[in-house]
Amino acid sequence: MRLSLMAIVLGWGALAGAAQADPGRLVIAGGAVARDNADVHGAFLDGLPVEGRIAVIPAASGEPAQSAQAYIETLSGFGIAADRIDIVRLAVIDDEATPDIDESAWADNASAPAEIAKIEAAAAIWFTGGDQVRITSALLRADGTETPMLAALRARHAAGAAIGGTSAGAAIMSRTMIARGDSLAALTQPLLTADASESQMDGGALMVSAGLGFMPLGVVDQHFDRKARLGRLARTLAEVPAADRIGFGIDEDTALVVDLAQGEAFVAGVGGVTVLDGRTATPSLRRNAFAIRGLVLGHLAPGDRVSLADLTITPAPGRDRIDPARGYYTHAAQSGAGMALPNDGLEDALGVELVDNRVSDELERVSFDGDGRGVRYVFAETADTWGAYGDDATGAGRYTVSGVIFSIEPVRVSIRTVRP
């Protein structure tokens, strides 16, 4: 299976060679990127020619013109003049707050020569946030074929143009796209289909559809740690062929910066990136009770790198490996759920409760809904598990984690109030 990944990376390298250029970098941001985040925005602008043009595609937004203008203002803070930035007029709904612009008239512009020309002239292209389905519905025809604008995007990327996006603009990067859903409903309810009702859409169940595939491997998820999306990413991996079961969960104000020519990626920003390797995992589904066992989980902090060929993680300089026998913490990891437990964020839970804890070699967390349907997350150390710890650029301590075995089991929960 690792050979198939290598073949993907080498195949992209061959494509770039045929075009006499390396493909551009991908800057896949997890959403809520601060306007002054120099690491994320700097990664997008890195290598931009002095007079290079930037195209902004606001198709995901419910406020397309305003969303594009906001990103122009963000780039101005990094010295990019507004006259170097083109708004690509592609959107599917109108913003009533801009009465002088009818953005719904932009719906068919993926075939408009004037808008395609903006892509063809761009050295970097950015997708704003919103609803990822709006992007794919604008750039893919109903029969799944590509529009001329999407073909132009692929050509520019193959020729070296950077492509970035935040939130919805990140979700579209992979070939399989998470269209909607939250973790608990994704793990306890049937998957949604394209003909689902509006009420079903609002129920939190998982919907998977086709993405644009600029990222040639894996599935991308965004707003990852704040919205607790580990479960929905694991559930999504069960919907793709075993050889493709790799997930990248990107935290807010953070980006996974992908260099396809070099076959590696690194983390920029303030959060982390979770890597799930499910190629040897075993999923099962009985009466909508989903389980998966044997996922291999890693967590990257800012500055860490991951190989696209074999998912090997390399900690950032200054982040030292943790000796499993000499972990800093010596308390038994607490099992359970809810606000009474410490370290509810994934990075701290894995670091403090597991890999930097000489007492604990397993960690459990339980989640459940009002009907008692729930899941148990189990994180376990093996001989291949390791961690690293060190300060980031702000002086905050951060953990790198690799080789944790992660499983999800369905449970039924009953709560009874005990009165004193």
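In this text, all values refer to a predicted model and were calculated from it rather than measured experimentally.
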- [ ] Mind checking the OG1-CZ spacing from Thr274 to Phe248? Nearest 0.5 Å is all I need.
- [x] 11.5 Å
Open item on the list: If you define the side chain from C-beta out and look only at heavy atoms, does anything of Glu146 sit under 4.5 Å from Leu212?
Closed with: no
- [ ] Quick one: pull up CD1 in Ile101 and CG in Asp95 and give me the separation to the nearest 0.5 Å.
- [x] 8.5 Å
Open item on the list: Strictly distance-based, threshold 3.5 Å: is any side-chain N or O of Arg232 a donor or acceptor partner for the main-chain N or O of Leu187?
Closed with: no
Open item on the list: Less than 4.0 angstrom from a charged side-chain N to a carboxylate O is my criterion; do Arg279 and Asp277 meet it?
Closed with: yes
Task: Sequence neighbours excluded - ring-ring contact (aromatic ring centres under 6.0 Å, His included) pairs with any residue from residues 295-315 - done: none
Open item on the list: Under a 4.0 Å threshold between the charged nitrogen and the carboxylate oxygen, would Asp251 count as salt-bridged to Arg226?
Closed with: no
TODO: Return yes when atom CZ of Phe78 has more than 12 non-hydrogen atoms of other residues, nucleotides or ligands closer than 6.0 Å, and no otherwise.
DONE: yes
Open item on the list: Testing the basics here: between Pro342 and Arg365, what is the closest heavy-atom pair and its distance to 0.1 Å?
Closed with: O-NH2, 3.6 Å
Task: Criterion side-chain hydrogen bond (donor to acceptor under 3.5 Å, both in side chains) on Asp356 and Tyr399, from CA distance to verdict - done: CA-CA 9 Å; Asp356 201 10; Tyr399 282 103; 2.7 Å; yes
Open item on the list: Strictly distance-based, threshold 3.5 Å: is any side-chain N or O of Thr382 a donor or acceptor partner for the main-chain N or O of Asp384?
Closed with: yes
TODO: Indicate yes or no: does Arg319 engage Asp304 in a salt bridge with an N to O separation below 4.0 Å.
DONE: yes
- [ ] Please determine if Glu103 and Arg89 form a salt bridge, counting it only when a charged side-chain N lies under 4.0 Å from a carboxylate O.
- [x] no
Open item on the list: Using the rule given for side chain to side chain contact (heavy atoms under 4.5 Å, CB included), can you reason through Glu381 versus Val355, listing the C-alpha separation, both sets of side-chain angles and the distance that settles it, and then say yes or no?
Closed with: CA-CA 7 Å; Glu381 289 183 329; Val355 299; 4.0 Å; yes
Task: Over all atoms of both residues, closest heavy-atom pair of Leu184 and Asp369 - done: CD2-N, 3.7 Å
Task: Side-chain touch Leu217/Asp244, heavy atoms, less than 4.5 angstrom - done: no
- [ ] Determine whether Leu346 and Leu230 make a side-chain contact, defined as any pair of heavy atoms from C-beta on separated by less than 4.5 Å.
- [x] yes
Open item on the list: Within the structure provided, determine whether Leu308 and Leu260 are in side-chain contact (heavy-atom separation under 4.5 Å).
Closed with: yes
Open item on the list: Quick check against the 3.5 Å criterion: does Ser174 have a side-chain atom that pairs as donor or acceptor with the backbone of Val219?
Closed with: no
Open item on the list: Are Val258 and Met215 packed together at the side-chain level, in the sense that at least one heavy-atom pair is separated by less than 4.5 angstrom?
Closed with: yes
TODO: Please list all pairs passing the ring-ring contact (aromatic ring centres under 6.0 Å, His included) test where one or both residues lie in residues 104-138, with sequence neighbours left out.
DONE: Phe44-Trp126, Tyr71-Trp126
TODO: Answer yes or no: is there an ion pair linking Arg229 with Asp182, defined by an N-O contact shorter than 4.0 Å?
DONE: no
Task: Side-chain (Thr136) to main-chain (Val133) donor-acceptor, under 3.5 angstrom - done: yes
Task: Main-chain N/O of Ile178 paired with Gln132 side-chain donor or acceptor, under 3.5 Å - done: yes
- [ ] Taking Arg245 for its side chain and Val240 for its backbone only, find out whether a donor-acceptor pair lies under 3.5 Å.
- [x] yes
TODO: Return yes if some donor-acceptor pair links the side-chain N/O of Asp143 with the main-chain N/O of Thr145 below 3.5 Å, else return no.
DONE: yes
Task: Rounded distance [0.5 Å steps], OG in Ser61 versus CG in Asp131 - done: 10.5 Å
TODO: Answer yes or no: are there more than 12 heavy-atom neighbours, outside Asp108 itself, under 6.0 Å from its atom CG?
DONE: no
Task: Verdict with supporting geometry, Asn357 and His331, side chain to side chain contact (heavy atoms under 4.5 Å, CB included) - done: CA-CA 7 Å; Asn357 192 326; His331 62 270; 3.6 Å; yes
Open item on the list: Looking at every heavy atom in both Leu363 and Ala349, which two are closest together, and how far apart are they?
Closed with: CD2-O, 3.6 Å
- [ ] Quick one: closest heavy-atom pair of Ala110 and Leu139, and the distance?
- [x] CB-CD2, 4.2 Å
Open item on the list: Looking only at side-chain N and O atoms, does Ser199 offer a donor or acceptor that is under 3.5 Å from a partner on Asp202?
Closed with: no
Task: Nearest-0.5 Å distance that lies between atom CG in Leu354 and atom OG1 in Thr385 - done: 7.0 Å
- [ ] Find the distance between CD (Glu120) and CE (Met149) and round it off to the nearest 0.5 Å.
- [x] 9.5 Å
TODO: Identify the residue among Ile119, Ile135, Ile87 that makes a side chain to side chain contact (heavy atoms under 4.5 Å, CB included) with Ile57.
DONE: Ile119
- [ ] Tell me yes or no: between the side chains of Ser167 and His223, is some donor less than 3.5 Å from an acceptor?
- [x] yes
Task: Heavy-atom side-chain contact between Val378 and Glu362 under 4.5 Å - done: yes
- [ ] Could you check if a side-chain atom of His41 sits within less than 4.5 angstrom of a side-chain atom of Val27, using non-hydrogen atoms only?
- [x] no
Open item on the list: Under the criterion salt bridge (Lys or Arg N to Asp or Glu O under 4.0 Å), I'd like the reasoning laid out for Glu347 against Arg398: C-alpha separation, chi angles, the key distance, then a yes or no.
Closed with: CA-CA 8 Å; Glu347 179 180 339; Arg398 304 301 299 268; 2.8 Å; yes
Open item on the list: Quiz question: by atom type and distance under 3.5 Å, do the side chains of Thr128 and Ser67 form a donor-acceptor pair?
Closed with: yes
TODO: Would you check if there is a donor-acceptor pair between the side chains of Glu353 and Asn343 at a distance under 3.5 Å?
DONE: yes
Task: Derivation and outcome, side chain to side chain contact (heavy atoms under 4.5 Å, CB included), residues Arg321 and Trp386 - done: CA-CA 7 Å; Arg321 291 283 284 258; Trp386 60 266; 3.3 Å; yes
- [ ] Return yes if some donor-acceptor pair links the side-chain N/O of Asp253 with the main-chain N/O of Ala34 below 3.5 Å, else return no.
- [x] yes
TODO: Decide yes or no on side chain to side chain contact (heavy atoms under 4.5 Å, CB included) for Arg53 and Ile85, but give the supporting numbers first.
DONE: CA-CA 6 Å; Arg53 302 197 64 78; Ile85 306 172; over 6 Å; no
TODO: Search all heavy atoms of Ala91 against all heavy atoms of Pro64 and return the closest pair with its distance.
DONE: CB-CG, 3.6 Å
Task: Reported CG-to-OG1 distance for the pair Asp39 and Thr254, which is rounded to 0.5 angstrom - done: 9.5 Å
Open item on the list: If we ignore hydrogens and angles and just use 3.5 Å, is the side chain of Asp221 paired with the main-chain N or O of Phe224 as donor and acceptor?
Closed with: no
Task: Cation-pi, Phe214 ring and Arg154 (6.0 angstrom, 45 degrees) - done: yes
- [ ] Indicate yes or no: does Glu73 engage Arg35 in a salt bridge with an N to O separation below 4.0 Å.
- [x] yes
Open item on the list: Please check this pair: side chain of Thr400 against backbone of Leu300, looking for a donor-acceptor N/O pair closer than 3.5 Å.
Closed with: no
Task: Non-hydrogen atoms of Gly30 and Ile250 that approach each other most closely - done: N-CG2, 3.5 Å
Task: Salt bridge Glu364-Arg376, side-chain N to carboxylate O under 4.0 Å - done: yes
Open item on the list: Less than 4.5 Å apart, side chain to side chain, heavy atoms only: is that true for Ile405 and Val296?
Closed with: yes
